[in-house]
Amino acid sequence: MQNLAQRLDLIAPSPTLALDAKAKALKAEGRDIINFGIGEPDFNTPAHIGEAAIKAIKDGFTRYTPADGTVELKEAVCEKFRVDNGLEYKPSQIVVSNGGKHSLYNIFLCLFQPGDEVILPCPSWVSYAPMLVLAGATPVLVRTSAANGYTITAEELEKAITPRTRGIIINSPSNPTGMAYGHDRLKELAAVILKNKLWVVTDDIYEKIVFDGFKFANLPMLEPALYDQTVIAHGLAKTYAMTGWRIGFLAGPEKVARGAAKIQSQTTSNPCSISQKAGVAALTGPQDTVTEMVASFKRRRDLTLSLLAEIPNVTCPVPQGAFYVFPDVSAYFGKKDGNTVLNTSDELAAYLLEKAEAAIVPGTGFGDDKTLRVSYAVSDEDIKRGLGRVKEALLALK
Ligand code: GLU
C-alpha cells in the first residue's frame, strides 16, 4: 500500500478526546465511570440560545454565510471585546471559526512557519504543541512551577528567547492547571515581549470562569502597545456550555484576520450558520446563566480541593479559574497494585480508571509527569463518589 504523509507521524491523537471516548465506551458497557476527563461544562446550553437556533432553521437560515462569519455575529464579538476588555476591534479584524481549536490552528498557520520557535509555558493544553508542529513551527516548552502559580516569569521568558523565537502562547485561566496570570506578572512579560517583537497568542477561552473576585486581564488590556502584535483566540463553548455547537473566534490585526479568513475560505468555508445565530443570542442575550454556572464551578472547585486535601500526600494549588485542578500525585509513584509497580501518571490514571472507575487525564499529555488533571465539571454528587473512590484506590496501593 502507498505511504501516508509524514506529517501524520509528527502528532498523536488528542489524549483528552481519547480518554473521553474510552470513558464513554466503558459507560456504554455498563461500568459506573465518573468522567473527570473531558473539559466540558456539564450544563445544558441555555434555552434562549437553543431557541435562536430553532428559529434560524425555521427561517431557512441554513445556507452558506460569509466564510469568516456573519457580520451580525462579528459585530456581537466586537461588542464583547469592547464591553468586557476595553479593546476596540472592527468586524474585519474578527474571524469566526468551528470552535476555539479551529481559531487557534488558523492563527498558528498565519503567524508561524518552519524555522520559527514559539514559546509555550507548560504544563499546557494538549493541542497547542501538535498544532504548532502541524504548522511547521517548533514549540519551545518552558516549564513553570506550582510555586509560581504555573505562570512563566519574565526572567524565564527572556532565557528561552533565541533569534528564531517568533511568538508566545498565553492561556489564562489555564487548561490544565486552572491557574491565572495576575496583572503584575503580565506587565513584566509585556516588557520582554515588546522588546523582542514577539507575537502574542492569548487563548482567553476561560475568561469568564474565574473565582474569588479574580480580575481577568490579557496582555493588550494591560499594555496597549501589544495590541498590534496580539491575536486573541476565544469561543463560546466554555462560557455558554456550547461545546457541540463549534463556534470559536479570533480577534487581532486586520492582516492576521484576513489571512485566517483566506485559509478558512479555502479549507472549511463558514462555521455552521445555525450555530452562528445561536452565538449572537449567546453574546447579546441575558448573561445570568453564566453567573449561575460560574457559581456552581466555584462550589465544585472548593469541594474538589477539600476532598483532594483528605488524600495523604496529594498536593494541589488553588486555581483562580477554569474547571480544572492539577494535583501532584507523584508521592504514589513506585507503589504497587498487586505485583505491578505504578511509576508514572499514565500508569496511575490507567489504574484509577480500572480500580476507581474514575476517568482522569494524566499530566503527561500536558507536559507534566507528576500530576493528574481533574475536570470538576461534573455533579457535586459524582465529585464526592468519584474522589472517594480515588482516595480508596490510592490508599490501597502498597
Ligand atoms: N479543551 C477540552 C479539554 O481539554 C476539550 C477537549 C479538547 O479539545 O482537548 O478537555
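Just the heavy atoms: all of them, side chains too, but no hydrogens, waters or symmetry mates, feed the values below. Keep in mind it's a predicted model, so treat the numbers as computed, not measured. Read the numbers this way: they start at 1 and go in the same order the structure lists the ligands and their atoms.
- Here His234 pairs with Phe249 under the ring pair (Phe, Tyr, Trp, His ring centres under 6.0 Å) rule; sequence neighbours left out.
- A cation-pi geometry, defined here as NZ or CZ lying under 6.0 Å from the six-membered ring centre and within 45° of its normal, holds between Lys277 and Phe61.
- When the options Thr371, Asp369, Asp346 are evaluated for a side chain to side chain donor-acceptor pair (under 3.5 Å) with Thr364, the one that passes is Asp346.
- Using a 4.0 Å cut-off between charged nitrogen and carboxylate oxygen, Glu75 and Lys90 do not count as a salt-bridge pair.
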N/O pairs closer than 3.5 Å, ligand 1 and protein:
unit_1	atom_1	unit_2	atom_2	d
ligand 1	1 (N)	Lys238	NZ	3.4
ligand 1	4 (O)	Trp125	NE1	3.3
ligand 1	4 (O)	Asn175	ND2	2.8
ligand 1	4 (O)	Arg373	NH1	2.8
ligand 1	8 (O)	Lys101	NZ	2.6
ligand 1	9 (O)	Thr16	OG1	2.6
ligand 1	9 (O)	Trp125	NE1	3.0
ligand 1	10 (O)	Gly39	N	2.7
ligand 1	10 (O)	Arg373	NH2	2.9

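- Between Arg299 and Asp380 a salt bridge is recorded (basic side-chain N to carboxylate O distance below 4.0 Å).
- Checked against a 6.0 Å centroid threshold, the rings of Tyr351 and Tyr332 do not count as neighbours.
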